[in-house]
2 protein chains.
Amino acid sequence: MSEYRRRALIGAALCEIAERGSLDVTVAQIAGRAGVSAALAHHYFGGKEDLILATMRHLLAEFSSVLVAGLREAPDPRARLTAIVRGSFGREQFHHATISAWLTFYAKALSSEVAAWLLEIYQRRLNSNLVHALRALVPGRDAVRIAESTAALIDGVYLREALRGVPSTPESAIAVIEHHIDLEIRAVRA
Amino acid sequence: MSEYRRRALIGAALCEIAERGSLDVTVAQIAGRAGVSAALAHHYFGGKEDLILATMRHLLAEFSSVLVAGLREAPDPRARLTAIVRGSFGREQFHHATISAWLTFYAKALSSEVAAWLLEIYQRRLNSNLVHALRALVPGRDAVRIAESTAALIDGVYLREALRGVPSTPESAIAVIEHHIDLEIRAVRA
DNA sequence: ACCTCTATTGATTGATTGGTCAATCAATCA
DNA sequence: TGATTGATTGACCAATCAATCAATAGAGGT
């Protein structure tokens, strides 16, 4: 029962955060959505802060697993880049609820030591993956530079998607990133 | 006195929001930093929401004026693009306090109708400026596309800067954007 | 039947917050 | 001088929320 409740509470927290577009969600709301009392949420997670951070960790872990799965099937470096991009805009990541939650967590990282630390891990991993794939295509210094701008562009496109009310397909977003990568690689080789 | 207090309160709100990295600031904190009582803040702005939105409007207006001033001195279309980029990463905009406040407002736009509306105006204006400058350099369809990716890249670089603890010079950020613009323009012309 | 441990909750508390209001103070005006 | 007006505040209120706690229920073992 323990694991089931934790999962349910994290899922409920995710929905609630996304729906209200803010981290100002009460444990009563989250617990209510999960069909239990607020006291039980305190029982399983030490307090509100821990529940929120657990939810954040869940998002990061989910993204990470999608990324790893995509990378495993990529036959060559360029395909690895595409896998990273497509993973960032995958079906699970591109729901409005997920996007809203991400943006909210970004804001939280400004005030929470632990949240900032978690996000830094994610960013470092994304960057590391990008650099690793790029090193096989361009010289090391350019790989680092292109990885940086690509990561920033991913975040930027993601951010704009979060603010746009109407949902759209990830294809256009992916195309923007892919085009940027192609341009950068071609420019270095020319 | 009226105008002086309003300015002081908005400035205090900006500092407080940036320092705490959250919109969860109490009117007592803001008023305290401005050296007045919380009741006075309610006297000048109808309520907390209005004070926050006024602060947001202040940020947007300040950025807008910087942008207009930069654009006026630009001699040609390419210089206009540089002016937009440099305006986005200008001294006033690149303080950690300002950046944090921006990100926090972005998060607020998810839950506040008015905040979303204000941000949309800013984004539309930035996009319009970019497209207008780009139209003189590349065909219309490409101008729209490049403006979109450039705006996203600006937001992304901005976002990553907000999360990085240590402050850095805007020059590297500007270089990333400029490089992207150059690549896109050159690719269209080739 | 008895004990133990976990799951679960209703009730409560202590603290915080946004907002209100009557009262005070200072300046201006008739 | 006396009246009016705007600035300013301390005290207060109602609402909300995280957290705690005592109590109940049930499962499993002895």
Side-chain angles (χ1 to χ4, degrees), chain A residues 1-58 101 104-105 107-115, chain B residues 1-58 101 104-105 107-115:
Chain A
M1 211 59 202
S2 168
E3 201 52 32
Y4 173 79
R5 287 290 187 221
R6 291 180 67 94
R7 263 182 236 278
L9 282 167
I10 285 179
L14 203 54
C15 289
E16 207 69 24
I17 288 170
E19 187 171 290
R20 306 181 58 94
S22 156
L23 281 180
D24 281 344
V25 287
T26 72
V27 291
Q29 286 165 356
I30 296 174
R33 186 181 278 253
V36 297
S37 73
L40 196 65
H42 281 92
H43 173 69
Y44 281 117
F45 304 85
K48 182 185 181 178
E49 186 79 5
D50 303 271
L51 172 53
I52 297 294
L53 289 178
T55 308
M56 202 166 162
R57 251 185 282 263
H58 171 77
T104 314
F105 283 139
K108 176 157 189 68
L110 288 176
S111 56
S112 162
E113 200 72 33
V114 189
Chain B
M1 211 59 202
S2 166
E3 200 51 33
Y4 173 78
R5 287 289 187 223
R6 290 181 68 92
R7 262 182 236 277
L9 281 168
I10 286 179
L14 203 52
C15 289
E16 207 68 26
I17 289 170
E19 188 171 289
R20 304 182 58 93
S22 157
L23 282 180
D24 281 344
V25 287
T26 71
V27 292
Q29 286 165 357
I30 296 174
R33 185 181 280 252
V36 297
S37 74
L40 195 65
H42 280 90
H43 173 68
Y44 281 116
F45 304 85
K48 181 185 180 178
E49 187 79 4
D50 303 272
L51 173 53
I52 297 294
L53 288 178
T55 307
M56 204 167 161
R57 251 185 283 263
H58 171 77
T104 314
F105 283 139
K108 177 160 187 64
L110 287 177
S111 57
S112 161
E113 200 73 32
V114 189

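So you know, we letter chains A, B, ... as the sequences are listed, proteins then strands, and number each from 1.
The two residues B/Leu9 and B/Ala34 come nearest to each other via the heavy atoms CD2-CB, 3.8 Å.
Contact of the A/Phe45 side chain with the A/Leu53 side chain is not registered, since no non-hydrogen atoms from C-beta on lie closer than 4.5 Å.
Residue-to-nucleotide proximity on DNA chain D shows that, of A/Gly46 and A/Gln29, the 5′-proximal contact is made by A/Gln29. Judged by closest nucleotide on DNA chain C, A/Ala38 is the one of A/Ala38 and B/Lys48 placed further toward the 5' end.
Regarding B/Ile30, its CD1 atom lies at a distance of 15 Å from the C1' atom of C/dT16, rounded to whole Å. For A/Leu40 and D/dA22, the CG to P distance is 18 Å, given to the nearest whole Å. Computed from coordinates, the B/Asp50 CG to C/dG19 C1' distance equals 12 Å when rounded to whole Å.
In this structure, C/dC29 and D/dG2 make a Watson-Crick or G-U wobble pair, each of the two defining distances being under 3.5 angstrom. Base pairing of D/dA15: its partner is C/dT16, meeting the Watson-Crick or G-U wobble criterion (both donor-acceptor distances under 3.5 Å).
The side chain of B/Val27 approaches C/dG18 more closely than any other nucleotide in the set D/dC17, C/dG18, C/dA7. Nearest to the side-chain atoms of A/His42 among the listed nucleotides C/dT8, C/dT20, D/dA19 stands D/dA19.
Between A/Tyr44 and C/dT8 there is a side-chain N or O to OP1 or OP2 distance below 4.0 Å. Contact check, B/His43 against D/dA7: a side-chain N or O comes under 4.0 Å of OP1 or OP2.
Within 4.0 Å (heavy atoms only), A/Ser37 reaches at least one base atom of the nucleic acid.
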- Step by step, work out the side-chain contact (heavy atoms from CB on, under 4.5 Å) result for B/Gln29 and B/Arg20. CA-CA 11 Å; B/Gln29 286 165 357; B/Arg20 304 182 58 93; 3.4 Å; yes
Can I get a per-line list of side-chain donor-acceptor pairs under 3.5 Å for residues 107-115 of chain B, giving both atom names and the distance, sequence neighbours left out?
{"unit_1": "B/Ser111", "atom_1": "OG", "unit_2": "B/Lys108", "atom_2": "O", "d": "3.2"}
{"unit_1": "B/Ser112", "atom_1": "OG", "unit_2": "B/Val114", "atom_2": "N", "d": "3.4"}
{"unit_1": "B/Ser112", "atom_1": "OG", "unit_2": "B/Ala115", "atom_2": "N", "d": "3.1"}

